[in-house]
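What follows is a short report on a single structure.
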Amino acid sequence: MHLLLNSIKCSACGKCASVCIRDNLKLVGDHIEETGGNCFDCGQCMAVCKEDAIRLKAYENQEDRIEDYNPKEIPFSYDEYIQFLKQRRSCRWFTRKEVSKEEYEKLFEAAYYSPSAQNMQDVEFLVVKDNLQEFLEHVYSIIKVEEDEFPRIAQFGDYLKHPDNYKNNPFLWEGKELILTFSNNIMNGIIASTRVELAAYTLGLGGFYSLFLSKADSIDHDKLMEFFPQIDSDKHMSSVFVIGHPRTRFLRTIPHKKIKFDYY
């Protein structure tokens, strides 16, 4: 059984059973019971209960994470959200100030509340800072097979050999820190990393996604994971986000191609 059910608090309203997609709950007289169904700890029953009569056994020691709120009170408006998205821009120019441990903890707090397919919660992050040079050389050893197709990769290889010939790193520009996202399900990692990226802007941080560093996983996943023995090799590197304290502030948004959509 997955749930801690308080039969005294329970009002037998049945809302928990109505939102359970695994049919793990049923009304028995004046209280609710588990059926022994295929529960996957999604917590929908707990979140919808008016009487706070349900807890998840798997997280009973994380009471500090539980917070009630009024679902009718959205923290910000649609216009405020759109304005926030307009102001966020990719940033490649950074100060020398490092991202602090406290800032990273806040960023990953945003990912804590990220959804995942079937509640897999399979996402984990790795900050690359002290071993940055070794990581870049390892990635290049993988992606160099495509340098004929992508001149930027060849340029990056030359940079690793002759850094003094370049003003900036062809992949990182002024970036010195990376957030790598790993997950079994690629979409879970992408969704979580997007939440981290948006949280970064609220903290005055900035960054951009690296296309070329991310290529390493699709070209030779097994070789890439040799660099990360502490991470389950079945997980894929979903994204690489270069992060730092911006030294440039942008003053306006720019036009984009119109989003295509239709109704069927």
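FYI, the numbering just counts along the sequence from 1.
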Q: Check whether the ring centres of His138 and Phe227 lie less than 6.0 Å apart, and answer yes or no.
A: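 Yes; Phe227 has its ring centre under 6.0 Å from that of His138.
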Give a yes or no on whether a salt bridge exists between [X] and [Y], defined as a side-chain N under 4.0 angstrom from a carboxylate O.
X	Y	answer
Arg247	Glu174	yes
Lys161	Glu137	no
Glu60	Arg55	no
Glu146	Lys215	yes
Glu147	Arg152	no

Find out whether [X] and [Y] are in side-chain contact, i.e. whether some heavy atom of one side chain is under 4.5 Å from a heavy atom of the other.
X	Y	answer
Phe135	Phe228	yes
Asp232	Phe182	no
Phe84	Phe76	no
Asp52	Lys9	yes
Glu197	Arg88	yes
Phe212	Phe150	yes
Leu132	Leu178	yes

Q) Going by atom types alone, do Asn119 and Gln121 pair a side-chain donor with an acceptor below 3.5 Å? A)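 Note: Asn119 and Gln121 side chains meet the donor-acceptor criterion.
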Q) Does the cation-pi check pass for Arg89 over Phe250, that is, NZ or CZ under 6.0 Å from the six-membered ring centre and within 45° of its axis? A)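 Here Arg89 passes the 6.0 Å and 45° test against Phe250.
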Q.
Is the positively charged end of Arg92 above the ring of Phe208, judged by distance under 6.0 angstrom from the centroid and angle within 45° of the axis?
A.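 The answer is yes, since Arg92 meets both limits relative to Phe208.
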Q: Could you list who else is in Ile32's hydrophobic cluster, with ILVMFWY side chains joined at under 4.5 Å, directly or through other members?
A: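 Members other than Ile32 - counting any ILVMFWY side chain reachable under 4.5 Å - are Leu3, Leu5, Leu25, Leu27, Met46, Ile54, Leu56, Tyr59, Ile66.
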Q: Among Ile, Leu, Val, Met, Phe, Trp and Tyr joined by side-chain contacts under 4.5 Å, find the other residues sharing a cluster with Phe241 and list them by chain and number.
A: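 Val99, Tyr104, Leu107, Phe108, Val123, Phe125, Val127, Ile179, Val196, Leu203, Leu205, Tyr209, Ile243, listed by chain and number.
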Q) For Gln62, what residues pass the side-chain hydrogen bond (donor to acceptor under 3.5 Å, both in side chains) criterion, not counting sequence neighbours? A)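 Partners of Gln62 under the side-chain hydrogen bond (donor to acceptor under 3.5 Å, both in side chains) test: Tyr112.
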